[in-house]
Amino acid sequence: MLRFIVRRVLQAIPTLLILSILVFAWLRSLPGGPAAALLGDKATPEKIANLNHVLGLDQSIILQYFKFLGRAVTGDFGNSLVSAQPVMSEIGTFLPATLELGISAMIIAVVLGIPFGYLAARFRGGIPDNVIIVLTLVGVAVPVFFLGYTMQDLLSAPLGLPSQGRQAPGIDATAITNFAILDGIMTSEWDAVWDAIKHLILPAFALATIPLAVITRISRASVLDVLNEDFIRTANSKGLTQPVVRQRHVLRNALLPVVTTIGLQTGALLGGAVLTERVFNFRGLGFLLAEGIEKRDYPRLQALLLFGALVYVVVNMLVDISYGLIDPRVRVR
């Protein structure tokens, strides 16, 4: 297992290096620039040229990249052009909100998606199967921002759920980790914990819709494939009870493609979080990324995009490792 993990870690290094080149080149190819965005209406060619010189943006692309790479290896992504704060400090401040939202959304997607997929497969062609298929199609087809606004209009007031922010004014827990729920638990401020949970419900369900639909469909297809295998018929012919067959043989062997899907959807959550956080005014990395795009904040965008890529690579590496735990044959291959 150790060799398996080391091999996956070594494979991740060139992946991140290539991604850093692509991100750096893409940002420099965007029209406009941070100087024009920062100067706004006061921008003139002379002022833009002077600010580009101060920011080092008048140097060659190759020189800029190697300077950026040298700092990035040490964890220094520079200061934000908008706030003048260290980018890593900004990420540390806004990351807990996105983690709370993303983890909550993925828990909802996994806890509901796998049982729904199994239920649809067990009653293939029946009413439960058809209803679940229709709901998953709707979940994939409806844009996150539209669903978010719809939930705000239709569910917020009737259910008494907040539709904006992370916590109500005056109820914020003492900040220790910047995780609203965890801070409330650590300081025994239970009103703050409950308030943070209520603020999470609508954005978490909105963000969870697409991964929930995808996990449900993949779980259904995977279970159907396993149910048609010879070893399932053998287990049934031996007289094993259905709970034993389902838990020990069907679900375990159907997990591999589901785990892959969970990993891919987890890595893609940051994209959905940008829209979700904007709709619900949930100030996390998505909110920070959207502001960086509007202002052409190169240091912030470089750090956030590479951080998202790192999360994606790490999640997929963990998926590969989980393969080895679920099916030992993977370690041999």
Side-chain angles (χ1 to χ4, degrees), residues 13 16-102 165-166 172 175-180 183 269-271 273-275 277-278 281-314:
I13 295 175
L16 290 174
L17 183 62
I18 293 173
L19 284 172
S20 72
I21 296 173
L22 294 176
V23 167
F24 194 88
W26 174 70
L27 288 175
R28 292 322 189 267
S29 68
L30 292 176
L38 289 172
L39 292 171
D41 295 336
K42 299 179 181 179
T44 63
E46 294 77 12
K47 289 182 178 180
I48 291 176
N50 290 333
L51 187 54
N52 280 334
H53 178 72
V54 172
L55 298 176
L57 298 176
D58 57 345
Q59 300 173 348
S60 69
I61 296 296
I62 295 177
L63 180 59
Q64 289 183 53
Y65 173 74
F66 279 107
K67 285 185 175 181
F68 157 74
L69 186 63
R71 294 193 304 268
V73 171
T74 64
D76 178 15
F77 286 89
N79 293 338
S80 167
L81 301 181
V82 176
S83 66
Q85 298 295 318
V87 172
M88 293 306 295
S89 176
E90 287 188 330
I91 291 177
T93 300
F94 286 86
L95 177 61
T98 298
L99 285 180
E100 277 188 338
L101 179 59
R166 291 183 69 192
D172 293 349
I176 299 175
T177 64
N178 284 332
F179 289 90
D183 287 344
L269 275 181
L270 182 59
V274 174
L275 295 175
E277 290 178 5
R278 295 289 280 188
N281 195 27
F282 205 89
R283 297 180 67 85
L285 292 184
F287 196 93
L288 201 65
L289 180 62
E291 186 182 58
I293 293 173
E294 292 173 0
K295 301 295 185 180
R296 296 292 193 273
D297 192 341
Y298 285 172
R300 180 188 292 180
L301 291 175
Q302 287 165 177
L304 287 173
L305 292 175
L306 285 178
F307 178 78
L310 178 63
V311 170
Y312 204 89
V313 169
V314 170

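A quick note: this is a predicted structure, and the numbers were derived from the prediction, not measured.
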Stepwise side chain to side chain contact (heavy atoms under 4.5 Å, CB included) test for Leu306 and Phe68: CA-CA 12 Å; Leu306 285 178; Phe68 157 74; 3.4 Å; yes
Over all atoms of both residues, closest heavy-atom pair of Ala97 and Gly284: CB-CA, 3.9 Å
Separation of Arg300 CZ from Phe307 CZ (nearest 0.5 Å): 15.0 Å
Contact check, side chains of Leu275 and Arg278, non-hydrogen atoms, under 4.5 Å: no
Side chains of Leu289 and Ile293 in contact at under 4.5 Å (non-hydrogen atoms): yes
Side-chain donor or acceptor of Glu277 paired with backbone N/O of Phe287 under 3.5 Å: yes
Atom of Ser80, atom of Val87 and distance for their closest heavy-atom approach: N-CG2, 3.7 Å
Nearest-0.5 Å distance that lies between atom CG in Leu17 and atom CG in Leu22: 10.0 Å
Shortest non-hydrogen contact between Thr98 and Leu285, atoms and distance: OG1-N, 2.6 Å
Nearest atoms (heavy-atom pairs only) where Gly78 meets Asp76: N-OD1, 2.9 Å
Leu63 atom CG, over 12 foreign heavy atoms within 6.0 Å: yes
Nearest-0.5 Å distance, CD of residue Gln64 to NZ of residue Lys67: 8.5 Å
Interatomic distance, Leu95 atom CG to Glu100 atom CD [nearest 0.5 angstrom]: 10.5 Å
Minimum heavy-atom distance Leu288-Glu90, with the two atoms named: CD2-CB, 4.0 Å
Check: Asp183 side chain, Thr177 main-chain N or O, donor-acceptor pair, under 3.5 Å: yes
Ile18 CD1 to Ile13 CD1 distance, which is reported to the nearest 0.5 Å: 12.5 Å
Pro299 versus Phe77, closest heavy-atom pair with distance: CB-O, 3.5 Å
Distance, nearest 0.5 Å, that separates CZ of Arg283 from CZ of Phe94: 5.0 Å
